[in-house]
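What follows is one structure encoded as structure tokens, with my remarks underneath.
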Protein chains: 2
Amino acid sequence: MATHECVQLVPIFQELAAPQLDTIESIVRHHHYQAGETVFSADDALDQLMIVSAGQVKVYQLAANGREQLLYLLQSGDIDGEAALFENQRRSSFGEALVPTDVCSIQREDFQGLMRQYPSISINVLNVFGKRLTQLERQTTSTATESVEARLANYLTETAASLNTDTFKLPLKKKDLATFLGTTPETISRKLTRFEQQGLITQKAGKTIQINDADQLLLAE
Amino acid sequence: MATHECVQLVPIFQELAAPQLDTIESIVRHHHYQAGETVFSADDALDQLMIVSAGQVKVYQLAANGREQLLYLLQSGDIDGEAALFENQRRSSFGEALVPTDVCSIQREDFQGLMRQYPSISINVLNVFGKRLTQLERQTTSTATESVEARLANYLTETAASLNTDTFKLPLKKKDLATFLGTTPETISRKLTRFEQQGLITQKAGKTIQINDADQLLLAE
DNA sequence: TTAAAAAATTGACCGCCGTCAAGAAACTAA
DNA sequence: TTAGTTTCTTGACGGCGGTCAATTTTTTAA
């Protein structure tokens, strides 16, 4: 009966065979969250690794002045809780389900045991971390050095490229997109209007955007 | 004769005994750089892990508009080249020695072999990555949501706290500090002058700063 | 010690974009 | 559908901080 549910689809366990997946499945806990529900909070004890098996979770931090910064958008198969690997760490970020979401969790000691037993897991987790580091490095550089217009243009072309189409629906509300790009919903509205006036994009119904000239868009300063 | 040089002082090898360190030492290459020299460049093949055994290396990226973003300041014992763990990745950042610096490097295949043979290494590397991720998350949040004044105030108090003193010399030129905080040298000069006028700090000779009121400083908006 | 180069400071200017507010549009749920 | 709520848009305004330029200070090197 156990179809390994979330465990099966997580890349970090990909080298493992069925009986080992059974073992893991038996130490995993399952959770379900409604859209808008809190999956975890800053200051929670960091004693578990989380695996998103279905749905979408936004991970964000709060700055001292109360402003929100969206860091990651976890999709099915993504993991979080990296610092779960140290002792005595606390979370510094919040997780919130954006749609109905299924999550599995593994206790820290259990996961550390798995890593010692199956070294391929550690190496897979290192890969995940490395990619996340690379992404964050780029995000830091671009928010610190480029204009909002350039960041938005980049976001649009990258999203289009990753979806392999030039017409797509924005996967986030403008408020969330704003906290991701380090700006405000008002500014995003204005910039999109500006891009449209320049003929670079076309805004269609329901957050749908068509990119008309990706090359020119990327020249936005 | 071999005193394990750099290998000995690197936390990621801390659980290993002397004969194992000898093995590692034998597969390591040693390099020396003068102040100002390039340690690595973006677009270099990412086929090795680097270990700083002495000196200081600044790691930075270039944005599309040519502006520089300082990401890390590697000290003795720090490692870099995380993405060395994937295949077919290229560097996205530059490394430059700020003072005369010794670096050891290990080829990717060699290091992956070590990780498989000694799982404690993987877990130590995971710790390093986790801390770096946490640091970058904070940096992203603060550059995206807080004012330059608040970021500078934070930097000063954190530096003082980590050095356990309220009088210290800035470890970076204003130009580098500016690229770290996502601003310009001119703005840093002005903000420091302002802090001094408010009595929060005192600027002394040779980049030395004394913090007079850390609590008040942190309230800077 | 002195000259040259690099770094830092200060002033003037101004544009980007954040804030506040009001109205329109788009969802959501009976 | 209709009412209510949330989200989005648009306008007006102003301040933070980036840029350019000139001067001073510090560092480097001869």
Side-chain angles (χ1 to χ4, degrees), chain A residues 34-36 58 63-70 96 98-100 142-153 155 169-198 201-209 220-221, chain B residues 34-37 58 63-70 96 98-100 142-153 155 169-197 201-209 220-221:
Chain A
Q34 303 295 336
K58 77 167 178 180
N65 54 25
R67 286 183 59 183
E68 189 177 314
Q69 171 68 38
L70 200 164
E96 179 187 320
L98 291 182
V99 296
S142 99
T143 52
T145 64
E146 294 179 332
S147 67
V148 170
E149 196 160 318
R151 274 176 272 157
L152 178 58
Y155 174 81
K169 186 176 169 186
L170 289 176
L172 290 169
K173 295 181 202 165
K174 291 234 165 71
K175 174 177 152 282
D176 289 324
L177 185 52
T179 71
F180 181 64
L181 296 176
T183 180
T184 60
E186 293 95 322
T187 297
I188 293 189
S189 270
R190 283 188 254 264
K191 296 297 179 190
L192 287 179
T193 303
R194 192 138 185 283
F195 287 156
E196 188 163 35
Q197 286 167 351
Q198 297 172 326
I201 67 169
T202 308
Q203 297 190 67
K204 307 194 166 181
K207 292 204 212 340
T208 296
I209 288 191
E221 266 298 306
Chain B
Q34 302 295 336
E37 271 192 291
K58 76 166 180 181
N65 54 24
R67 286 183 58 183
E68 191 177 313
Q69 172 68 38
L70 200 163
E96 180 186 318
L98 291 181
V99 297
S142 100
T143 53
T145 64
E146 294 179 331
S147 68
V148 170
E149 197 160 318
R151 275 177 272 157
L152 178 58
Y155 175 81
K169 187 176 167 186
L170 289 175
L172 290 169
K173 295 180 203 166
K174 291 232 166 73
K175 173 177 152 283
D176 289 324
L177 185 52
T179 70
F180 180 64
L181 295 175
T183 180
T184 61
E186 293 95 322
T187 297
I188 293 189
S189 270
R190 282 188 255 264
K191 296 298 179 190
L192 287 178
T193 303
R194 193 139 183 282
F195 287 156
E196 188 163 34
Q197 286 167 351
I201 67 169
T202 308
Q203 298 190 67
K204 307 194 166 181
K207 291 205 216 335
T208 296
I209 287 191
E221 266 297 306

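In the text below, chain A, chain B and the rest are named by the order of the sequence lines, each starting its count at 1.
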Identify the 5'-most and 3'-most nucleotides of DNA chain C with at least one atom closer than 4.0 Å to a non-hydrogen atom of chain A. C/dC17 to C/dC27

Taking five pairs at each end of the helix from C/dT1-D/dA30 to C/dA30-D/dT1, what angle separates the two helix axes (nearest 10°)? 70°

Rounded at 0.5 Å granularity, tell me how far CG in A/Leu192 sits from NZ in A/Lys207. 12.0 Å

For B/Lys204, check side-chain hydrogen bond (donor to acceptor under 3.5 Å, both in side chains) against everything at least two apart and list the hits. B/Gln210

Of all pairs that satisfy salt bridge (Lys or Arg N to Asp or Glu O under 4.0 Å), the ones with a partner from residues 171-187 of chain B, not counting sequence neighbours: B/Lys58-B/Asp176

Heteroatom pairs (N/O) under 3.5 angstrom, protein to nucleotides 8-13 of chain D:
residue : atom : partner  : partner atom : Å
D/dC8   : OP1  : A/Lys174 : N            : 3.1
D/dC8   : OP1  : A/Lys207 : NZ           : 3.3
D/dC8   : OP2  : A/Lys174 : N            : 3.3
D/dT9   : OP1  : A/Lys174 : NZ           : 3.3
D/dT9   : OP2  : A/Lys174 : NZ           : 2.8
D/dT9   : OP2  : A/Ser189 : OG           : 2.1
D/dT9   : O5'  : A/Ser189 : OG           : 3.1
D/dT10  : OP2  : A/Thr193 : OG1          : 3.2
D/dG11  : N7   : A/Arg190 : NH1          : 2.9
D/dG11  : O6   : A/Arg190 : NH2          : 3.4

Calculate, to the nearest 0.5 Å, the distance between atoms CG and OH belonging to B/Leu172 and B/Tyr155 respectively. 5.0 Å

Verify, without hydrogens or angle tests, whether B/Gln203 (side chain) and B/Ile209 (backbone) share a donor-acceptor contact under 3.5 angstrom. no

For DNA chain D, which residues in residues 142-149 of chain B have a heavy atom at a distance below 4.0 Å? B/Ser147, B/Val148

Hey, is the main chain of A/Thr179 close enough, under 3.5 Å, to the side chain of A/Gln69 for a donor-acceptor pair? yes

5' priority, DNA chain C, between A/Ala205 and A/Arg151 [closest heavy atom]: A/Arg151

Sequence neighbours left out, what passes side-chain hydrogen bond (donor to acceptor under 3.5 Å, both in side chains) with B/Arg194? Give chain and number order. B/Glu149

side-chain hydrogen bond (donor to acceptor under 3.5 Å, both in side chains) against B/Thr193, all qualifying residues, sequence neighbours excluded: none

Could you state the atom-to-atom distance from CG of B/Asn65 to C1' of D/dT19 in whole Å? 13 Å

For A/Thr183, what residues pass the side-chain hydrogen bond (donor to acceptor under 3.5 Å, both in side chains) criterion, not counting sequence neighbours? none

Note: B/Leu152 and B/Lys191 closest approach over all heavy atoms is CD2-CB, 3.6 Å

Taking B/Glu146 for its side chain and A/Ala63 for its backbone only, find out whether a donor-acceptor pair lies under 3.5 Å. no

Determine whether B/Leu181 and B/Thr143 make a side-chain contact, defined as any pair of heavy atoms from C-beta on separated by less than 4.5 Å. no

Hey, which of these two, A/Gly206 or A/Thr184, hits DNA chain C nearer its 5' end, going by closest nucleotide? A/Thr184

Residues in side-chain contact (heavy atoms from CB on, under 4.5 Å) contact with A/Pro100, at least two apart in sequence or another chain: A/His32, A/Ala35

